[in-house]
Amino acid sequence: MGEVTRPATPATGTGTGTGLVRLAMTVDALPVSGGVLFSRGRQALRVRGPEAWLSGALGRLREGVARPPADTALGRLVGELAGLGWIGTGPAPDPALHDGLPHQRQLGYLELFGPDPLRMQRRLDAARVAVIGVGGIGALAAREFVAAGVRGLWLLDPDRVETHNLNRQHLFGLDDVGVPKVMAAAARLRGLAPDVRITGLARRVGTPADLDVLPDGLDLLVLCADTPADIAALCWSWAAAHGTAMTSAAVGLDSGYWGPLLDPARGHCLNCFEAARRARCSADELRLEDTGATPTPHSFGPSNSAVAALLAHDCLRWLASGEAPTVGVRGQLAFDTGLTTRTDPVRSWCRHAEHPISRSTDC
């Protein structure tokens, strides 16, 4: 656990400041000799100062105070905590108002992504997401989206549930065998959240135009299908033309990946990302990649679940806050070692035109 020691010297003068600030719900404070030890996860901050003053300051920060002037002791303490992302804004969420809701316990977790968890939860509630491929990754990711609060969901998949799907597509059960996946998934997800709005489309994606059934103003396109071989390029062509952010994930025999999350509004381009990524590969790596394009017929439930969870985590973080670790970057998980890595950032913005959305369609 990392630890930073900072003195807190009481100062006169109160000032009014602007805005309400408070200690994040996920931050613990432990009285120690000569001060207080603040901690969250693996990080810690030791603050030294008079016991009575620190106790009072901690109580005020728990309740929420007007932002204090930076040149006061409380202002300096708030500055130190804010530098670690440990200061929230606005009133703390009232657990009683969220009692019985699936996302009740995630509000504190959302503070890992930003200072206003209620605002981020509202963003999740209003998000509109399409999942292409409701299989070993897509079905699990869809469940995570709905459980987190997403209420607008479009599912595309041409297949029906088969018995051999059940080792990894845990959204389905034996009674779903023979049912179109999009129908079975919609029924299961409505059981989790009756107010979710799901549009199930049992269709195959063979051209960008096949995605025209999706609505305008979609927040995120999540690609979890692996056929046809060029499906990522097809989906990106549609997403770029419609200004829709897109990410993807896939699982192989011994590893899986998720990302990059690309946003046309930021000038991202999948074709440029792939060109830069492949430029870093050796001739043998490219040969293996190009000849091994057929998805493996072998599958293992935990492998799919792990990648689906990492994908959903980044998608939900991006929907809530506008940022995620895999924006412009691909994450990779090696199943034999459990090692998670991310590719070095590569050029993921288009080099052709001036306008971000139009230039993403030209490569």
Side-chain angles (χ1 to χ4, degrees), residues 24-25 88-132 134 138-156 171 182 185-186 188-201 211-224 235 238-248 259 261-266 268 308-309 311-327 356-357:
M25 294 179 287
T89 58
D94 183 355
L97 297 178
H98 304 273
D99 188 36
L101 296 177
H103 61 252
Q104 178 183 4
R105 293 202 173 190
Q106 80 183 23
L107 291 173
Y109 192 92
L110 292 179
E111 283 191 324
L112 296 175
F113 307 152
D116 190 343
L118 286 176
R119 178 176 177 271
M120 288 187 283
Q121 184 61 56
R122 287 193 293 269
R123 287 180 55 138
L124 289 176
D125 294 343
R128 292 150 58 89
V129 178
V131 179
I132 312 301
V134 190
L140 302 183
R143 184 178 63 183
E144 298 290 356
F145 296 155
V146 172
V150 173
R151 289 298 177 264
L153 195 63
W154 283 258
L155 305 175
L156 274 75
L171 190 61
V182 294
R188 298 284 182 175
L189 294 173
R190 290 189 184 106
L192 176 63
D195 60 333
V196 66
R197 301 176 302 279
I198 300 178
T199 301
L201 300 162
L211 296 175
D212 286 343
V213 293
L214 297 175
D216 293 330
L218 200 66
D219 294 298
L220 185 62
L221 181 69
V222 183
L223 174 60
C224 303
C235 289
W238 183 92
H242 289 78
T244 300
M246 173 180 144
T247 190
S248 61
L261 197 157
L262 302 176
D263 185 357
R266 301 187 188 189
H268 291 156
L311 168 71
H313 188 282
D314 278 11
C315 289
L316 290 167
R317 178 172 179 172
W318 187 83
L319 291 167
S321 70
E323 296 296 338
T326 49
V327 171
I357 294 178

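- For the pair Asp219 (side chain) and Arg128 (backbone), a donor-acceptor distance under 3.5 Å is present.
- Smallest separation of non-hydrogen atoms from Leu220 and Met246: CD1-N, 4.0 Å.
- Listed by chain and number, the residues in a side chain to side chain donor-acceptor pair (under 3.5 Å) with Asp216 amount to none (sequence neighbours excluded).
- Contact check for Pro215 versus Thr199: no side-chain heavy atoms found under the 4.5 Å cut-off.
- A pairwise comparison of heavy atoms in Leu110 and Gln121 identifies CD1-OE1, 3.7 Å as the closest pair.
- Residues that satisfy the salt bridge (charged side-chain N to carboxylate O under 4.0 Å, His left out) test with Arg188, not counting sequence neighbours, are Asp175, Asp176.
- For the atom pair Leu156 CG and Ile132 CD1, the distance stands at 4.0 Å (nearest 0.5 Å).
- In this structure Thr247 satisfies the side chain to side chain donor-acceptor pair (under 3.5 Å) test with no other residue, sequence neighbours excluded.
- Arg151 places no side-chain N or O within 3.5 Å of a backbone atom of Ala127 that could act as its donor or acceptor partner.
- Scanning for side chain to side chain contact (heavy atoms under 4.5 Å, CB included) contacts around Ala139 gives Val134, Leu171, Phe172, with sequence neighbours left out.
- Of all heavy-atom pairs spanning Ala239 and Pro264, the tightest one is O-CG, 3.9 Å.
- Gln106 places a side-chain N or O within donor-acceptor distance of the main-chain N or O of Ala148, the cut-off being under 3.5 Å.
- Minimum interatomic distance between Val129 and Val150 (heavy atoms only, all atoms of both residues): CG2-CG1, 4.1 Å.
- By the side chain to side chain contact (heavy atoms under 4.5 Å, CB included) test, Ser248 is found to be paired with Leu223, Tyr257, Arg330, residues two or more places apart in sequence or in another chain being considered.
- Contact record, Leu155 with Ala142: CD2-CB, 4.2 Å, taken as the closest heavy-atom pair.
- To the nearest 0.5 angstrom, Leu192 atom CG is 8.5 Å from Arg143 atom CZ.
- Residues passing the side chain to side chain contact (heavy atoms under 4.5 Å, CB included) test with Ser321 are Phe113, Met120, Arg317, Glu323, sequence neighbours excluded.
- Using a 4.5 Å cut-off on side-chain heavy atoms (C-beta onward), Leu153 and Val131 make contact.
- Judged as a side chain to side chain contact (heavy atoms under 4.5 Å, CB included), and not counting sequence neighbours, the contacts of Ala324 are Asp314, Trp318, Val327.
- For residues 106-124, the pairs satisfying salt bridge (charged side-chain N to carboxylate O under 4.0 Å, His left out) are Arg22-Glu111, with sequence neighbours left out.
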Can you list the steps and then say if Leu214 with Thr244 is a side chain to side chain contact (heavy atoms under 4.5 Å, CB included)?
CA-CA 11 Å; Leu214 297 175; Thr244 300; over 6 Å; no
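- Scanning all heavy atoms of the two residues, the minimum distance from Leu201 to Val182 falls at O-CG1, 3.8 Å.
- Qualifying salt bridge (charged side-chain N to carboxylate O under 4.0 Å, His left out) partners for Glu144, counting only residues two or more places apart in sequence or in other chains: none.
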